[in-house]
There are 2 protein chains.
Amino acid sequence: MVQRTGSSHRAAPEHTHPDDVPVQTALAALADPVRIALVRELASSADWSRSCGSFDVPVGKAALSHHFTVLRGAGLVEQRDEGPRRVNRLRKEEFDARFPGLLGLVLRGDQ
Amino acid sequence: MVQRTGSSHRAAPEHTHPDDVPVQTALAALADPVRIALVRELASSADWSRSCGSFDVPVGKAALSHHFTVLRGAGLVEQRDEGPRRVNRLRKEEFDARFPGLLGLVLRGDQ
DNA sequence: CCGAGTGTTCGATCCCTGTTGAACACTCTG
DNA sequence: CAGAGTGTTCAACAGGGATCGAACACTCGG
């Protein structure tokens with residue numbers, strides 16, 4: 001069996017590199033409880049191991065899809081299609097190179 | 001003549017120490033163009049040298065007053081009454097101790 | 001004591017963002 | 001090819017935040 005992981009007929013999600021993200025956009029993306037939860041949960045998981053629906057947040061899938069769009073637009077998350085689901089990866093290195101320390105502040109989690 | 005600087009009959013503004021500020025609040029406070037402008041302009045001025053009305057932002061004084069309330073609530077700004085006006089100080093050290101690097105990211109100003 | 005200057009508060013408005021349910025699109029399995 | 005699972009898009013809605021003008025409070029200088 002061939003592993004066609006990554007070559008779907010679906011439109012690939014649009015990504016924004018952290019280098020192209022204004023500070024204000026990055027801050028706004030992280031100034032939301034649901035997205036903070038997503039980023040934290042994502043940080044404590046292996047890359048590409050979590051599909052969008054696998055997160056423990058109290059919102060429907062429509063809102064969830066919206067939040068991932070925001071995270072992508074802020075250069076925080078990279079997504080890839082794997083069969084029927086869309087798996088995620090936190091862009092730690094790239095984002096930290098652009099905004100040193102910012103991600104760390106959010107992940108610290110001391111309120 | 002006596003310098004009564006600081007002892008007015010006006011209610012002193014309520015301040016929040018950065019240590020008591022949640023990350024989300026700090027991020028939300030900085031995720032606004034007007035407040036970013038205020039913080040930047042404040043950073044390039046001497047402490048207590050700027051009154052609220054002396055900032056170059058395109059909003060009326062009602063909105064301006066609101067923004068300073070938000071900045072105080074995020075532990076970013078300290079205010080003191082000097083006669084008829086309220087002068088400001090950016091809480092660089094305290095805020096940076098609580099959120100290392102965050103203020104620096106905003107002050108960098110590379111979009 | 002009056003007036004100018006400064007800042008806050010209040011009410012109203014507007015817009016943006018987060019949310020939902022429903023419909024749709026795509027993938028894989030039987 | 002039907003159906004289950006996953007995620008996006010759409011229209012609609014609600015809530016919050018930013019904004020303004022007006023009224024008010026306070027300080028200082030004539």
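Each chain gets a letter, A, B and so on, in the order the sequences are listed, and its residues count up from 1.
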Q. Under a 4.5 Å cut-off applied to non-hydrogen side-chain atoms, are Phe68(A) and Leu38(A) in contact?
A. yes
Q: Look at the side-chain N and O atoms of His66(B) and state whether any lies under 4.0 Å from the OP1 or OP2 oxygen of dT9(C).
A: no
Q | Distance (rounded to the nearest 0.5 Å) between His66(B) NE2 and Arg35(B) CZ | A | 5.5 Å
Q. Is Ser51(B) touching bases, backbone alone, or none of the nucleic acid, heavy atoms closer than 4.0 Å?
A. sugar-phosphate
Q. The side chain of Arg35(A) lies closest to which of these nucleotides: dG18(C), dT19(D), dT27(D)?
A. dG18(C)
Q: Tell me which nucleotide among dT19(C), dT8(D), dT8(C) gets nearest to the side chain of Gln79(A).
A: dT8(D)
Q) Given dA18(D), dT8(C), dG5(C), which nucleotide is nearest the side-chain atoms of Asp32(B)? A) dA18(D)
Q: By nearest nucleotide on DNA chain D, pick out whichever of Ala62(B) and Pro13(A) is the more 5' one.
A: Pro13(A)
Q) Counting side-chain heavy atoms from CB outward, which of dT27(C), dT19(D), dT8(C) is closest to Arg10(A)? A) dT27(C)
Q.
How many whole angstroms separate atom CZ of Arg80(B) from atom C1' of dT6(C)?
A. 17 Å
(Q) With a cut-off of less than 4.0 Å, is there a side-chain N or O of Arg86(A) near OP1 or OP2 of dT8(D)? (A) yes
Q. Is the shortest side-chain N to carboxylate O distance from Arg80(B) to Glu78(B) below 4.0 Å?
A. no
**Q.** Point-to-point distance, once rounded to the nearest 0.5 Å, from SG of Cys52(A) to CG of Leu71(A)
**A.** 10.0 Å
Q) To the nearest 0.5 Å, what is the distance between CZ (Arg98(A)) and CG (Leu103(A))? A) 14.0 Å
Q.
Counting only side-chain heavy atoms from C-beta out, which of dG18(C), dA23(C), dC20(D) sits nearest to Lys61(A)?
A. dA23(C)
(Q) Just the rounded figure in Å: distance from P of dA18(D) to CD of Gln24(A). (A) 11 Å
Q: Would you kindly give the CG-to-P distance between Asp81(A) and dA25(C), to the nearest whole Å?
A: 17 Å
Q) Between atom CD in Glu82(B) and atom P in dC28(D), what is the gap in whole Å? A) 11 Å
Q.
Taking the minimum atom-to-atom distance to the side chain of Val34(B), which one of dT19(D), dT8(D), dT27(C) wins?
A. dT19(D)
Q: Return the value, rounded to whole Å, for the distance between atom CG of Asn88(A) and atom P of dT6(D).
A: 14 Å
Q: Could you tell me the separation between the CG atom of Leu64(A) and the P atom of dT19(C), rounded to a whole number of Å?
A: 10 Å
Q. Quick one: Phe68(B) CZ to dT6(C) P, roughly how many Å, whole number?
A. 14 Å
Q) Counting side-chain heavy atoms from CB outward, which of dG5(C), dT19(D), dT20(C) is closest to Ala63(B)? A) dT19(D)
Q) Rounded to whole angstroms, how far apart are CG on Leu30(B) and P on dA18(D)? A) 12 Å
